[in-house]
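Working notes, structure below.
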Amino acid sequence: MGLTSGIFAKGAAPVLERALSFCEQRHRVIAQNIANVETPGYQPSDLDEQEFQQALRAEIEARNSRAVRRFESITGRHLHDSAAGLRVLPMGHRAGILRHSENRVDMESEMTRLAENGLKFRVYSSLVKKHYMQLRDTISERA
Amino acid sequence: MFQTMDLSASALSAERIRLNLIANNLANANTTRDAQGSRAPYRRLLAVFEPGSQGSRLGVQVTDIVESDEAPRLQFDPNHPDAIKAEEFYKLDAKGQITSAPRDEYAALSQEAFKRMVDSKLGYVEYPNVDPVREMADAVLASRAYEANVAVLQTTKTLISQSLRIVA
C-alpha cells in the first residue's frame, strides 16, 4: 500500500462512494419504473435500502475491528457485479393498486422516492466534496 | 448515470409516438375511406409498449403499432355516399329472390337471416371506432407521463452535475 492509497481508502470517502453508487443504481431503477408507467403488465421494482445499509454497516464494523484500511468488501461487489449484486426486488404489495392494465406503478410514490433519492445523492456528493476539500487543505497546509 | 438518461429518453419517445397516434386517431375520427378511396372506415391505432430488458436495454419500447378491431361506429345517414346499400350484399331478380351469392362470411346464414341482417345495416355509414373522449383522456395521460419522464431527466441531469462538481 503506497503513501496515497492510505489517504483515499481511509475514513468516510469509501463509505460515501458506496452510498453514492447505491443512490445512482436506485435512481436508475426508479427511472425505469416511471418510464414504464403506461406499459401494461409492468411490475415496478426497487432496491432495498435497508438491506444495503445493513451490509454497509457490517462492512464498516468489519473494517474497524480488523483495522483494514480498504473495503475489500461485498458492498463493492454487491453493487457493481450484477451477478452477485443487490437484488432488484419486485415491489409486490408495497406498490400501488393493480390497474386494469395489470400495471402497478404508483406515480406519486415513484416521484417521491425519486426526489428523496436525489436529495440523498446530493447529501452524499456534497459530503464527498467536503472530504476532498479537507484533504486538499491538509495537503496545502491551509487552515 | 448516462444510461439513465437513455432510459428516460426511450420513455419520452414512446410517449411521443403514443401522442402522435392519438392525434392521428382524432384527426381521422370521421374518415370513412382508406387511402385508396375505397370504403373502409379508419381504425383506431394503438401503440404496444414493452419494458426494456433488465440487462442491456432499459426503458420502454414501442414494439408494435396495431389497429384496433373494435366494431365501427354506425350512424344512420342514407344520403351519405358511403352509406351501406343493398346492392353490396345481393341483387334481387324480378321475383324478389336473391340472385348473387352472399359474401363468404355470411354463407352460413339462411337466406331469411341474411336478409334481416342486411336490412338492419342498410342506410348506415360506418364511422371509425374512435371515441374522441377516450382519445382526449389518453392524450392527457400520455402528456402527463411525458412530463414525469422529463422530471426524471431533469433530476438525472442534476445528479450528474453534482457528481461532476465533486472534483471541482
Side-chain angles (χ1 to χ4, degrees), chain A residues 13 16-17 20-21 23-45 82-83 85 87-90 99 101 103-133 135-136, chain B residues 1-19 22 46-64 138-168:
Chain A
L16 290 171
E17 186 208 317
L20 273 176
S21 182
C23 279
E24 190 206 315
Q25 307 269 328
R26 191 161 187 231
H27 179 74
R28 184 176 311 161
V29 172
I30 297 170
Q32 168 81 348
N33 290 344
I34 294 173
N36 284 289
V37 70
E38 296 287 336
T39 309
Y42 179 78
Q43 295 294 316
S45 46
S82 60
R87 280 175 301 144
V88 177
L89 302 167
R99 283 189 263 139
S101 59
N103 181 314
R104 275 184 191 272
V105 179
D106 176 0
M107 192 55 127
E108 286 73 28
S109 86
E110 295 296 336
M111 294 309 276
T112 314
R113 280 185 298 129
L114 184 83
E116 184 192 318
N117 194 56
L119 284 175
K120 279 179 187 160
F121 188 94
R122 196 163 158 182
V123 171
Y124 297 143
S125 72
S126 63
L127 284 173
V128 173
K129 191 178 174 180
K130 288 263 163 58
H131 183 81
Y132 285 133
M133 274 162 62
L135 275 181
R136 198 165 54 194
Chain B
M1 221 23 141
F2 292 104
Q3 284 170 27
T4 315
M5 295 182 84
D6 290 343
L7 187 167
S8 296
S10 80
L12 290 183
S13 75
E15 296 299 341
R16 182 175 289 283
I17 289 172
R18 195 155 82 109
L19 210 51
I22 291 168
L46 294 164
V48 179
F49 282 15
E50 208 173 89
S53 57
Q54 213 42 271
S56 50
R57 283 181 54 82
L58 282 165
V60 59
Q61 287 167 275
V62 179
T63 49
D64 204 1
D138 279 353
V140 174
L141 274 178
S143 73
R144 288 289 175 264
Y146 192 94
E147 279 171 29
N149 282 290
V150 171
V152 175
L153 205 55
Q154 293 280 13
T155 313
T156 312
K157 272 164 56 186
T158 318
L159 295 195
I160 291 176
S161 66
Q162 272 158 11
S163 312
L164 291 178
R165 269 200 296 270
I166 289 176
V167 288

Top of A/N117, A/I34, A/V128 for chain B proximity - count of heavy-atom pairs under 4.5 angstrom: A/I34

If I measure from the heavy atoms of chain A, does B/L12 come under 4.5 Å with its side chain, its backbone, both, or neither? neither

Closest-packed option against chain B by number of heavy-atom pairs under 4.5 Å, given A/C23, A/A115, A/A31: A/A31

Look up atom CG in A/L114 and atom CD in B/Q154, then write down how far apart they are to the nearest 0.5 Å. 11.5 Å

Between B/A148, B/A145, B/A14, who has the most heavy-atom pairs with chain A when the cutoff is under 4.5 Å? B/A148

How long is the gap from CG on B/L164 to OG on A/S125, to the nearest 0.5 Å? 10.5 Å

Minimum-distance pair of heavy atoms, taken over all atoms of B/F49 and A/P40: O-CD, 4.1 Å

Checking side chain to side chain contact (heavy atoms under 4.5 Å, CB included) for the pair B/L7/A/Q32: CA distance, chi angles, key distance, verdict? CA-CA 7 Å; B/L7 187 167; A/Q32 168 81 348; 3.8 Å; yes

Calculate, to the nearest 0.5 Å, the distance between atoms CD and CD belonging to A/E38 and B/E15 respectively. 5.5 Å

Report the distance from atom CZ of A/R28 to atom CG of B/D6, rounding to the nearest 0.5 Å. 10.0 Å

Output for pair (B/T4 OG1, A/E24 CD), nearest 0.5 Å, gives 6.0 Å

Under 4.5 Å to a heavy atom of chain B? For A/I30 that would be neither

Distance (rounded to the nearest 0.5 Å) between B/T155 OG1 and A/M111 CE: 6.5 Å

Using heavy-atom distances under 4.5 Å, tell me whether B/T156 contacts chain A through its side chain, its backbone, both, or neither. both

Nearest heavy-atom pair of B/I166 and A/Y132: which atoms, and what distance? CG2-CD1, 4.0 Å

